[in-house]
Amino acid sequence: MNYITDGKDSGHKMNIQDWGAPDWERARNCYVYPPARLIRTLDEGATSFQHGNLTLTKDLSLIATSDRHTLDEFHSKLLWSDGFEDNLHGLLSVVFWGNYAGSDPTKGPNGFALARTKWMVEGKAGKPKPSMNTLEAALRDGRTHLKEGRLDHALKALMGIPNLGMSFASKVLMFLDPSRAVIYDSKIAEKIARLAQLDRTWGSRVVSVGLGYTKSKGSAYTSWCEFCIDTAAELNAKGSTWLETNGTKRPWRAVDVERSIFALL
DNA sequence: CCGTTAGCGTCCGTCCACCT
DNA sequence: AGGTGGACGGACGCTAACGG
């Protein structure tokens, strides 16, 4: 049996086929991505972002306690709200969160985070301003497809938002329904490609995250989500739980399986 | 000689131009 | 069609060079 031998991953089995509940639990505890977000503010001095009535500022206060539960609920509530302003707030906060740290969260903040967040409503320099109507419709369609179980169509709908590729469209889906939708970004793509070398059945999940939506991206994404959904169900059936930083026991969601793999491998 | 600052490399996802 | 390579954006942190 092969084991991961480099750095902090030392001692983990290389092939997740060989993982039992303790391996998943241990891996889940290695997930350290910082819970940064954007919150509404009245203090114009602290303003990081302004659009219409929406005045947002960076909030890093959840990082000290690693409170990702609050972050997940915060984004879910905003993205499912009936008000477009909340939806937009949710989208922007997810983009900020996803850009806050690089792939190695210990390396400190990524300077792009706020600029990229602003691109979502202001567009990149020299590029047309994104239409808020397009954005609103894409979010609505994405939610409908997700509710009705069409993960590929949901991904396609969200990738219709300018500056939202597969990486961030899947991040939005993840916050909309962490029990069924997971992230597929370049880092996850690397890990999936590595798993496909060990196990040929993973080949259909391998895809590059660049450029627009294609059917192969849609089916790779669906298959990847299904793996995470199924693994979470198996772990829950065994009575397994993972521990939040504050010690709270939580049942497995699809996203917890994805976060385990993101943290290791 | 030490405190400050200027300058430069780093980070990664998206999109465009150009391929097969 | 679908895939590849390169440019872009901009705060942050490190290092080099500067000034007192």
Side-chain angles (χ1 to χ4, degrees), chain A residues 7 31-38 41 45-51 56-60 63 75 88 90-132 134-135 138-139 142 152-175 181-194 196 203-224 258-259 261-263 265:
Chain A
Y31 176 78
V32 293
Y33 199 90
R37 63 177 173 175
L38 294 177
T41 180
T47 296
S48 303
F49 180 90
Q50 235 263 274
H51 184 260
L56 303 176
T57 190
K58 298 182 205 179
D59 176 38
L60 310 180
I63 295 175
H75 284 149
L88 182 61
L91 175 71
L92 296 173
S93 185
V94 169
V95 171
F96 178 71
W97 166 82
N99 280 300
Y100 178 74
S103 59
D104 183 352
T106 61
K107 279 189 184 164
N110 178 357
F112 290 161
L114 223 97
R116 286 195 176 171
T117 305
K118 288 177 180 167
W119 292 349
M120 299 310 297
V121 291
E122 290 166 18
K124 280 177 87 162
K127 296 276 151 53
K129 244 184 193 188
S131 141
M132 288 301 108
T134 304
L135 205 146
L139 268 170
D152 50 351
H153 286 74
L155 182 71
K156 183 181 182 181
L158 288 173
M159 284 179 75
I161 295 173
N163 302 312
L164 214 64
M166 187 170 183
S167 300
F168 277 76
S170 64
K171 284 177 172 72
V172 173
L173 288 173
M174 179 274 285
F175 280 115
V182 299
I183 291 175
Y184 198 129
D185 61 14
S186 69
K187 292 298 148 187
I188 289 292
E190 266 174 35
K191 290 155 211 275
I192 289 177
R194 214 173 313 163
S204 65
R205 300 191 181 113
V206 177
V207 77
S208 114
V209 297
L211 290 177
Y213 179 85
T214 58
K215 282 194 169 178
S216 68
K217 284 193 179 74
S219 63
Y221 181 65
T222 303
S223 177
W224 165 231
E258 178 255 298
R259 286 177 185 180
I261 291 178
F262 179 81
L265 293 175

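Just the heavy atoms: all of them, side chains too, but no hydrogens, waters or symmetry mates, feed the values below. These numbers come from a predicted model, not from an experiment. All chains are named by letter (A, B, ...) in the order of the sequence lines, taking the proteins before the strands, and each is independently numbered beginning at 1.
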ask   = When all nucleic acid strands are considered with a 4.0 Å heavy-atom cut-off, which category describes A:Ser208: base, sugar-phosphate, or nothing?
value = nothing
inquiry  = What is the separation between atom CD on A:Glu190 and atom C1' on B:dC11, rounded to the nearest whole Å?
reply    = 14 Å
request  = Please name the residue in the list A:Leu158, A:Val182, A:Val94 that meets the side-chain contact (heavy atoms from CB on, under 4.5 Å) test with A:Lys171.
outcome  = A:Val94
inquiry  = For the backbone of A:Gly212 and the side chain of A:Lys217, can you confirm whether one donor and one acceptor N or O come within less than 3.5 Å of each other?
reply    = yes
Tabulated below should be each protein N or O lying under 3.5 Å from an N or O of nucleotides 15-20 of chain B; please produce it.
residue: B:dC15; atom: OP1; partner: A:Asn163; partner atom: N; Å: 2.6

message = In this structure, how many angstroms lie between the C1' atom of B:dC12 and the OH atom of A:Tyr184, rounded?
response = 17 Å
task = Whole angstrom is fine here: how far is it from CZ in A:Arg116 over to P in B:dT14?
result = 8 Å
query = Which pair of heavy atoms, one from A:Ile161 and one from A:Ala138, lies closest together, and at what distance?
reply = CG1-CB, 3.4 Å
Donor-acceptor contacts under 3.5 Å from residues 112-123 of chain A side chains, at least two apart:
residue: A:Arg116; atom: NH1; partner: A:Asn99; partner atom: OD1; Å: 2.9
residue: A:Thr117; atom: OG1; partner: A:Ala113; partner atom: O; Å: 2.7
residue: A:Lys118; atom: NZ; partner: A:Ser48; partner atom: O; Å: 3.4

query = Could you give the CG-to-C1' distance, from A:Leu60 to C:dA11, as a whole number of Å?
reply = 13 Å
request  = Please state how far atom CH2 in A:Trp119 lies from atom P in B:dC12, giving the value in whole angstrom units.
outcome  = 14 Å
query = What is the distance from CD1 of A:Ile183 to P of B:dG13, rounded to the nearest Å?
reply = 10 Å
Side-chain donor/acceptor of A:Thr222 to backbone N/O of A:Gly218, under 3.5 Å = yes
Any donor-acceptor pair under 3.5 Å from A:Lys191 side chain to A:Phe262 backbone = yes
message = What is the separation between atom CE on A:Met120 and atom C1' on B:dG13, rounded to the nearest whole Å?
response = 11 Å
request  = Starting from P on C:dC12, measure out to OH on A:Tyr100 and report it in whole angstrom.
outcome  = 9 Å
query = If you fit an axis to the five pairs at each end of the helix from B:dC1-C:dG20 to B:dT20-C:dA1, how big is the angle between those two axes, to 10 degrees?
reply = 30°
Under 3.5 Å donor-acceptor, A:Tyr33 side chain and A:Arg259 backbone = no
ask   = OP1 or OP2 of B:dT14 sitting under 4.0 Å from any side-chain N/O of A:Ser167?
value = yes
query = Is a donor on one side and an acceptor on the other found under 3.5 Å between the side chain of A:Trp224 and the backbone of A:Ile183?
reply = yes
key: Nearest-neighbour nucleotide for the A:Phe112 side chain, C:dG9, C:dG2, B:dG13 considered   = C:dG9
inquiry  = As a test of reading the structure: which of C:dC12, C:dG9, B:dT14 is closest to the side chain of A:Lys58, going by heavy atoms?
reply    = C:dC12
task = Take the angle between the ring planes of A:Tyr184 and A:Tyr221 and call it parallel below 30°, perpendicular above 60°, tilted in between.
result = tilted
key: B:dG13 phosphate, OP1 or OP2, under 4.0 Å from A:Ser186 side-chain N/O   = yes
